[in-house]
Amino acid sequence: MTANASRLSRRRVLAGSGAFLVSFSSVQSLVAQPQQSSADISNDPNGPQVLPGSLEGAPYLDSWIRIDSDGKVTVFTGKAELGQGIKTALLQIAAEQLDIEFSALRLVTADTSLTPNERYTSGSHSMQDSGTAILNAAAQVRQILIGEAARHAGLSADELRTERGSVVAPEGMRFPYGELVAGQRLHVVAAPQSALKDPNQYAVMGRSIRRVDIPAKVTGGAAYVQDMRLAGMVHARIVRPPSYGAELVAVATETVEAMPGVVKVVRDGNFLAVIAEKEFQAIEAMRALTAAAQWREIASLPEAESLPDFLTQLPAQDITVLDEGNLAAATAKTASATHTRPYQAHAAIGPSCAVALFENDALTIWSHTQGVYPDRAAIAEMLRMPIEHVHCIHAKGSGCYEHNGADDAAADVALLARALPGRPVRLQWMREQEHAWEPFGPAMVVTTSAGLDTQGNILDWQHEVWSNTHSTRPGPAGSLLAARSLAAPFAEPTPKPIPMPEGGGDRNSVPLYKFPRTRVTYHFLSSMPIRVSSMRALGAYANIFAIESFMDELAARSGADPVEYRLRHLDDARARDVVATAAERFDWKGRTHGTPDRGSGFAFARYKNLAAYCAIACEVEVDRESGRVRPLRFVAAVDSGQVVNPNGIANQIEGAILQSISWTLHEQVTFDRHRITSLNWASYPILRFSSVPDTVDVHIVNRPGQPFLGTGEAGQGPTAAALANAIAAATGQRLRDLPLSPARIKAAMK
Amino acid sequence: MNVALRVNGKTEHLDIDPRTPLLYVLRGELKLNAAKFGCGLGQCGACTVLVDNEPVFSCITPVAGLQDSEIVTLEGLGTVHNPAPIQKAFIEEQAAQCGYCIAGMMMRAQALLTKNPAADEKQIRAWLEPNLCRCGTHMRILRAVVRTGRMMQQMK
């Protein structure tokens with residue numbers, strides 16, 4: 001029987017019974033068939049019905065859930081634990097829908113030999129993609145197990161229930177899951193619909209179960225790729241060029257090769273690295289090699305001072321994102337504003353790291369990449385190896401906040417492991433390498449303009465955004481730094497815009513507010529003088545900063561309260577709920593007015609207009625002498641759909657607020673015409689405890705039974721605008737250029 | 001060269017270059033995971049360990065001068081099965097996201113609380129200023145450290 005046939009037969013069963021029953025004998029007949037790879041099964045062309053979440057790409061139930069004959073249950077996800085708590089949330093979903101104890105489950109994350117191909121762990125997609133897949137797969141497996149128990153017991157499925165890893169009959173007879181499957185794999189194509197539990201009965205989902213990854217992290221367990229110690233492992237360091245496009249003219253390697261512990265110097269074109277027995281020996285050898293290398297640099301970077309003008313003058317592909325509505329009459333008043341964002345860095349605390357072993361013509365890589373499958377493909381292409389000879393396993397790292405140096409470090413170590421077969425190689429980048437070479441969040445320019453009626457209501461809204469791409473992920477081999485620096489280099493791929501509704505530079509460029517006429521244009525800039533890619537929230541950060549700052553300006557013009565003004569233009573009931581919740585919990589109406597140097601600000605967005613809703617209110621104090629902003633309190637309201645782990649959602653929103661405070665008040669990549677010059681925490685300062693708010697409160701609006709809405713990036717944009725609005729309230733000055741630095745605030749108040 | 005180091009209550013005799021920063025000896029020769037490489041510059045605190053009860057950036061501290069010192073890493077405080085108060089508190093407050101900075105945060109906080117378990121939040125904020133967290137877990141870290149102080153006071 002083929003995959004298509006199995007799906008058809010299953011549909012026939014479904015259609016015939018009206019209930020969710022699949023006889024286990026058909027399952028057994030399926031497992032006897034030649035196994036397809038459980039990973040990356042392309043969509044069935046005959047299947048008109050879309051499967052939920054990532055089941056669409058990997059439709060076999062045993063791609064997600066396997067039950068051993070001893071009752072052990074393993075859950076598989078193609079997503080990776082990035083510190084966002086996804087492992088715990090996915091286990092909760094499986095435990096709930098399978099009716100099995102949380103502690104009895106195992107979870108395998110992103111691994112090209114074991115898990116489904118869910119592309120990247122990015123874009124706040126993990127709950128929507130993998131959470132939804134596991135929710136449905138677990139529910140369907142549970143129904144199969146009930147059906148099998150019914151067959152054994154000669155009972156109707158309606159008479160059976162599940163409890164703690166067993167199907168239970170009315171007389172108390174128990175059928176443990178392990179015995180029901182007898183070691184057979186549930187190699188069945190999923191159905192489009194599942195018999196999900198009633199959300200009111202949830203006992204595991206919706207609870208703040210403690211994260212499974214935290215104990216190791218607070219006791220010195222081997223929690224990260226950085227902590228891997230394979231037998232015979234050696235340590236590597238890269239010598240990166242001093243600037244983009246620099247060419248290695250000459251390097252004398254003999255002295256370095258003679259240094260203590262040095263195993264090998266590897267050079268291929270502009271790719272230069274050293275491998276040593278011990279880590280500090282590798283660092284010392286790297287320093288010597290850096291001193292020995294002569295580079296030819298080019299002045300490829302723009303003038304930092306005039307960056308916004310430089311960007312808006314680059315050749316652009318103009319994309320009409322939205323052009324809807326008509327105006328019945330001319331507008332009474334108009335206003336416009338331009339907001340800018342500099343290049344900003346992911347800047348994880350731990351520089352990128354990877355471990356690889358090349359032996360018997362096969363390569364295994366452990367990486368904190370967000371996408372084991374795409375990274376494997378790019379690395380295989382770079383090494384000109386058959387893809388099936390490359391195995392990529394996710395291992396936790398620091399960060400990540402989207403596309404940082406992880407994939408590049410994996411490519412670096414792959415080249416080095418191939419140069420030293422039989423010995424595992426561990427590479428960690430140095431701080432200055434991460435700061436100089438990671439792909440930054442792109443600089444952006446956003447202009448907004450509005451036409452108003454006599455009451456100040458918005459009739460006509462225009463939004464224009466200038467930005468590079470927000471994804472240069474692998475992709476082809478040329479996405480990788482190492483591949484571009486080889487003697488036979490791979491070309492950097494031509495950047496493409498990410499299409500809406502998710503969007504890249506235009507992510508969240510369409511306001512959720514309703515106006516009679518709305519026009520949104522994305523000026524996509526394909527020329528990239530500075531290396532860029534996805535950074536948490538992508539273009540949404542700057543677009544929401546612009547929209548929500550401008551909304552406050554317009555409210556002020558018409559003498560309206562900023563929250564009331566937003567509600568006036570907002571008809572989405574769930575959006576209105578989070579706005580009202582945040583305002584109420586903050587005591588927006590009772591907030592202090594006119595206290596010298598203190599001000600409150602409000603902002604709202606629905607991430608991507610399709611993920612979590614998030615409203616944020618904050619209060620700040622501004623020191624007029626120094627221009628320094630002290631955030632005092634933050635209140636957030638978030639609607640993530642069905643809540644799986646409230647503490648996890650709160651942790652993500654708190655983190656988004658704190659990180660966005662850091663971006664918004666402190667951060668800017670600096671450069672001269674040749675080089676990136678913000679190379680460490682002194683030249684690229686980020687939030688320290690002295691700038692941390694007194695309080696941050698997150699209020700979750702639960703929506704039982706509703707789809708999961710990605711949350712991890714929802715707080716970034718609203719925080720930026722809430723801060724700008726609070727600073728404007730405190731000082732009377734509107735700041736439109738990020739970061740809202742003390743120097744800028746001081747200058748504005750003069 | 002032979003170097004003797006007291007780490008987590010044990011004396012370790014190691015044949016190493018005495019210029020080697022402590023971090024690489026902890027992570028390399030002694031296979032301890034907690035102290036992390038963050039910057040190698042003493043700017044972020046991810047490598048923080050205790051040397052004679054004082055927080056030290058192990059990434060810039062050569063082992064040469066540490067032969068008469070007591071070095072304590074996060075592993076020396078407790079284990080998953082027998083956690084120290086600060087480890088319990090960080091679990092109870094779920095005070096980690098990626099967690100890469102957390103071991104360093106905990107060691108710096110431990111130094112303060114050993115001297116003054118009654119330290120208030122303001123003192124804790126000032127004390128933790130040298131350590132960076134990129135995930136924005138600061139509020140939870142503060143709550144966990146305050147909670148640790150309470151636990152330590154109760155144990156007295």
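What you see below is based on every heavy atom in this structure, not just the backbone, and it leaves out hydrogens, waters and symmetry mates. Letters A, B, ... mirror the listed sequences (proteins, then strands); counts begin at 1.
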So CG of A:N680 and CD of B:Q43: to nearest 0.5 Å the spacing works out to 4.0 Å
Under 4.5 Å to a heavy atom of chain B? For A:Q428 that would be side chain
Checklist entry - How about A:Q659 and A:R536: does a side-chain donor come under 3.5 Å of a side-chain acceptor? => result yes
| query | Is there side-chain contact between A:F689 and B:L142, with at least one heavy-atom pair below 4.5 Å? | reply | yes
When the 4.5 angstrom heavy-atom criterion is applied to A:I283 and chain B, the contacting part is side chain
Given B:K31, B:R27, B:M105, B:R140, the one with more heavy-atom pairs under 4.5 angstrom with chain A than any other is B:R140
_Check A:R633 with A:D697, please: is the shortest side-chain N to carboxylate O separation under 4.0 Å?_
no
Cut-off 4.5 Å, heavy atoms of chain B, and the answer for A:R688 is both
Turns out that what part of A:A348 lies under 4.5 Å from chain B's heavy atoms comes down to backbone
Assert top hit (heavy-atom pairs under 4.5 Å, partner chain A, pool B:L128, B:T137, B:I102) equals B:L128
| said: Between the side chains of B:K122 and B:D120, is the shortest nitrogen-to-carboxylate-oxygen separation below 4.0 Å, so that they form an ion pair? | reply: no
Of A:E81, A:E284, A:H435, the largest count of non-hydrogen pairs under 4.5 angstrom with chain B goes to A:E284
I'd like to know if B:R125 and B:E121 make a salt bridge, using a cut-off of under 4.0 Å between side-chain N and carboxylate O. yes
Cut-off 4.5 Å, heavy atoms of chain B, and the answer for A:Q84 is neither
Rounded to the nearest 0.5 Å, the OH atom of B:Y100 sits from the SG atom of B:C133 at a distance of 13.5 Å
Applying a strict 4.5 Å limit to non-hydrogen atoms, the region of A:T695 in contact with chain B is backbone
Tell me whether A:K278 is salt-bridged to B:E29, with the criterion being a basic N under 4.0 Å from an acidic carboxylate O. yes
Honestly, the part of A:M430 sitting under 4.5 Å from a heavy atom of chain B is both
The interface call for A:I349 against chain B, heavy-atom contacts under 4.5 Å, is both
Greatest number of non-hydrogen atom pairs under 4.5 angstrom with chain A, of B:E92, B:E129, B:E75, falls to B:E129
Shortest non-hydrogen pair, A:G220 vs B:A34, comes out as CA-CB, 3.9 Å
Taking every heavy atom of A:S352 against every heavy atom of A:E434, the minimum-distance pair comes out as N-OE1, 2.7 Å
Per-residue tally against chain A (heavy atom, under 4.5 Å) across B:D17, B:I141, B:T20 peaks at B:T20
Applying a strict 4.5 Å limit to non-hydrogen atoms, the region of A:K396 in contact with chain B is neither
The interface call for A:A282 against chain B, heavy-atom contacts under 4.5 Å, is neither
Residue from B:H138, B:M139, B:Q87, B:R19 scoring the most non-hydrogen pairs under 4.5 Å with chain A is B:H138
Whatever's closer than 4.5 Å to a heavy atom in chain B on A:W663 counts as side chain
Applying a strict 4.5 Å limit to non-hydrogen atoms, the region of A:S662 in contact with chain B is side chain
_Side chains of B:T11 and B:R6: any donor to acceptor distance under 3.5 Å?_
yes
